[in-house]
A.B. asks: 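Have a look at this one.
Indexing begins at 1, ligand by ligand and atom by atom, following the structure's order. Below, each value reflects all heavy atoms present in this structure, side chains not excepted, and no hydrogens, waters or symmetry copies. Just so you know, these numbers come straight off a predicted model, no measurement behind them.
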Amino acid sequence: MNIQQQIDDIKENLPSHVHLVAVSKTKPAAAIQEAYDGGHRCFGENKVQELVEKQDILPKDIEWHFIGHLQTNKVKYMASFVDTIHAVDSLKLLKEINKQAKKHARIIRCLLQFHIAAESSKFGMDRVEAEALLSHPDVANLDHVDIVGVMGMATFTNDTAQVRQEFKNLHAIFQDLKTQFFADKPSFKEISMGMSGDYEIAVEEGSTMVRIGSTIFGHR
Ligand SMILES: *Cc1c(COP(=O)(O)O)cnc(C)c1O
């Protein structure tokens, strides 16, 4: 199947409220263009330089999502165009995104990344860290970021019961934060979870955004 058919296939099986981020990291701009020509507009990258290079040569109505670990000193390179940053895990980073977005008179959508996997190598906060971040008085003054939800990656394992439990945990964190901090903010509604190997389970557990790479573009 080609790229366009893969995307159509996935979309056909996703509920209409679930957004598909096509993860194009390591793939050439031509592959993104092919998906674009088929009508897809939302792409995810995890390296700043690669994102900037691709954005420069591809159509300007692409909705770019940054899904990787982000260093504060690199926010400035994408602040003029990035739509959503998925992996915010500190107040320092959130403030820098706000500062750079302000320079371009933009609002950048942000997701708080949570560590839900058993593996220790993955980035992200726990509930206590996130509550501390959101309770900080400075957060109320960040007018150029919109905290729209949470993001997480499940353990890379064939144990689907474990994966399901980790997605359930992220959903529970989302609900708690919604009640505690975002009860009057309808834009806090996104749960970014699910990749090629586990997105069906993620959708069953409440995902609103799936990040799918290899199923669409082939193995990296
Ligand atoms: C690479 C990546 C994906 C996509 O992974 P696939 O298994 O290729 O679908 C999703 N999320 C993040 C954060 C990634 O780095």
A.B. asks: Which of the atoms of ligand 1 are close to S196, meaning less than 4.0 Å from one of its heavy atoms?
C.D. replies: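 Near S196, the atoms of ligand 1 are 6 (P), 7 (O), 8 (O), 9 (O).
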
A.B. asks: What do we get for R220 next to ligand 1 when only non-hydrogen atoms under 4.0 Å count, side chain, backbone, both or neither?
C.D. replies: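 The part of R220 near ligand 1 is the side chain, not the backbone.
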
A.B. asks: Starting from atom 5 (O) of ligand 1, find the nearest protein heavy-atom neighbour and note its residue, name and distance.
C.D. replies: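 Answer for atom 5 (O) of ligand 1: M195 CE, 3.5 Å.
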
A.B. asks: When you compare the side chains of E119 and T155, does any donor N or O come within less than 3.5 Å of an acceptor on the partner?
C.D. replies: no

A.B. asks: Please say which of H65, R211, H19 ends up in a side chain to side chain donor-acceptor pair (under 3.5 Å) with S192.
C.D. replies: R211

A.B. asks: Could you list which atoms of ligand 1 come closer than 4.0 Å to a heavy atom of R211?
C.D. replies: 4 (C), 9 (O), 10 (C), 11 (N), 12 (C), 13 (C)

A.B. asks: If you measure from atom 1 (C) of ligand 1 to every heavy atom of H65, H69, M193, K25, which option wins on shortest distance?
C.D. replies: K25

A.B. asks: Can you sort out which atoms of ligand 1 are near I67, meaning under 4.0 Å from one of its heavy atoms?
C.D. replies: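 Taking each heavy atom of I67 in turn, ligand 1 has 2 (C), 11 (N), 12 (C), 13 (C), 14 (C), 15 (O) under 4.0 Å.
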
A.B. asks: For R127, is there an ion pair with E131 - N to carboxylate O distance below 4.0 angstrom?
C.D. replies: no

A.B. asks: Any idea which atoms of ligand 1 are less than 4.0 Å away from a heavy-atom of I212?
C.D. replies: 9 (O)

A.B. asks: Look at the rings of F188 and F182 and say which category their plane angle falls in: under 30° parallel, 30 to 60° tilted, over 60° perpendicular.
C.D. replies: parallel

A.B. asks: Backbone or side chain, does any N or O of M151 fall under 3.5 Å from an N or O of ligand 1?
C.D. replies: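 Among all N and O atoms of M151, none is under 3.5 Å from an N or O of ligand 1.
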
A.B. asks: Looking only at side chains, do Q33 and D37 share a donor and an acceptor under 3.5 Å apart?
C.D. replies: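 Looking only at side-chain atoms, D37 and Q33 do form a donor-acceptor pair, the distance falling under 3.5 Å.
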
A.B. asks: Just checking, is any N or O donor in the side chain of D8 or Q4 under 3.5 Å from an acceptor N or O on the other one?
C.D. replies: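 Side-chain D/A pair, D8 to Q4: absent.
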
